[in-house]
Amino acid sequence: MFRWIFAGLTLVISGIPISAADNPIVPDGAKLEKLWSEGEFTEGPACGPGFCIYFSDIGNRIMRFSPDTKKTKVFREPSGRANGLDFDPQGRLVAAEGANTGGNRRITLTEKAGTVRTLADRWDGKRFNSPNDLTIDTLGRVYFTDPRYVGQEPQR
C-alpha cells in the first residue's frame, strides 16, 4: 500500500483512507535541525544513495549532506543552474538545469563516476525555457516542469 500525506491532504492508493491524525507528517518529538545555511538560494532536495541529501544551491552548485559525517560538501560545480533533483532507479542523479544567467536549459544525468550527460535539451526542435522541478517514476521516466521566468531567449 502506498500513502502520501501532504499538509492535510491524504492520497491513498489502497482505497483505505488514512488521516493525518493517525499518521502525522512530523511525528511527536521530532526536532528541526539546521544542516547548512551558506547558500545563495537552495531548492530541490533529493534523498540519494547512503541516505545522503542532495540539494541545489541555485548559485550554480549541487550540494551533498552526509548523515554519517553531518557535513555538507559540494557535489557538483558548476551545476548549470540546477534546481530540481531526483535519483533514477540505478542511483544516478538527474537534474533540471534552468536558464537564468548561465543556466544550461537542459535535463542532465550525473553518472556515479561523476560524468554529466544531457538527457534532453529541446522539444519539437526548440530549446527548453528553464527546466525547474522534476520527478522520476519507478520505471525511470523523467517528468519535469519547464516554466519561463526571466531572460531574453525566445520563448517556445
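Atoms considered below: every heavy atom in the structure, side chains included; atoms not considered: hydrogens, waters and symmetry mates. Fair warning: this is a prediction, and the values are worked out from it, not measured in the lab.
- Remark: Lys73 NZ to Arg64 CZ distance equals 8.5 Å, nearest 0.5 Å.
- Smallest separation of non-hydrogen atoms from Gly98 and Ser130: CA-OG, 3.5 Å.
- The shortest non-hydrogen separation linking Pro67 to Gly50 is CG-O, 3.9 Å.
- No path of Ile, Leu, Val, Met, Phe, Trp and Tyr side chains, each step under 4.5 Å between heavy atoms, connects Tyr54 with Val74, placing them in separate hydrophobic clusters.
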Yes or no on side chain to side chain contact (heavy atoms under 4.5 Å, CB included) for Leu134 and Val94, after CA distance, side-chain angles and deciding distance? CA-CA 8 Å; Leu134 66 78; Val94 178; 4.0 Å; yes
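- Distance CD1/Ile53 to CE/Met63: 13.5 Å, rounded to 0.5 Å.
- The backbone N or O of Phe87 sits nowhere less than 3.5 Å from a side-chain atom of Arg92 that would complete a donor-acceptor pair.
- Between Asn129 and Arg105, the shortest heavy-atom contact is O-NE, 3.4 Å.
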Stepwise side chain to side chain contact (heavy atoms under 4.5 Å, CB included) test for Arg127 and Asp121: CA-CA 6 Å; Arg127 291 293 310 267; Asp121 63 359; 4.2 Å; yes
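- Heavy atoms only, all atoms of each residue included: Ala95 and Ala82 are closest at CB-CB, 4.1 Å.
- Note: Asp88 CG to Leu93 CG = 9.0 Å, rounded to the nearest 0.5 Å.
- Put simply, Leu85 and Leu119 are part of two different groups of oily side chains (I, L, V, M, F, W, Y) that touch within less than 4.5 Å, one to the next.
- With hydrogens and angles ignored, the 3.5 Å screen pairs no side-chain donor or acceptor of Thr118 with any backbone N or O of Ala120.
- When all heavy atoms of Asp86 and Ile136 are compared, the closest pair comes out as OD2-N, 3.0 Å.
- The main-chain N or O of Ile62 is never found under 3.5 Å from a side-chain atom of Asp57 such that the two would form a donor-acceptor pair.
- Using modelled atom types, no side-chain atom of Asn60 and backbone atom of Pro78 make a donor-acceptor pair closer than 3.5 Å.
- No close placement of the Phe65 and Phe55 rings is indicated, their centers lying 6.0 Å or farther apart.
- Without hydrogens or angle criteria, Asn104 side chain to Glu97 main chain gives no donor-acceptor distance under 3.5 Å.
- The aromatic ring centres of Phe144 and Phe128 sit less than 6.0 Å apart.
- Here OG of Ser56 is found 10.5 Å from CZ of Phe41. Values are rounded to the nearest 0.5 Å.
- Using a 4.5 Å heavy-atom cutoff, the side chains of Phe51 and Asp68 are not in contact.
- A donor-acceptor contact shorter than 3.5 Å is absent between the side chain of Asp133 and the backbone of Thr145.
- Considering CZ of Arg106 and CZ of Arg122, their distance stands at 12.0 Å, rounded to 0.5 Å.
- A distance-only check finds a donor-acceptor pair linking the side chain of Ser79 to the backbone of Arg61 [under 3.5 Å].
- In the hydrophobic clustering of ILVMFWY residues, with side-chain heavy atoms under 4.5 Å counting as a link, Leu109 and Val116 come out apart.
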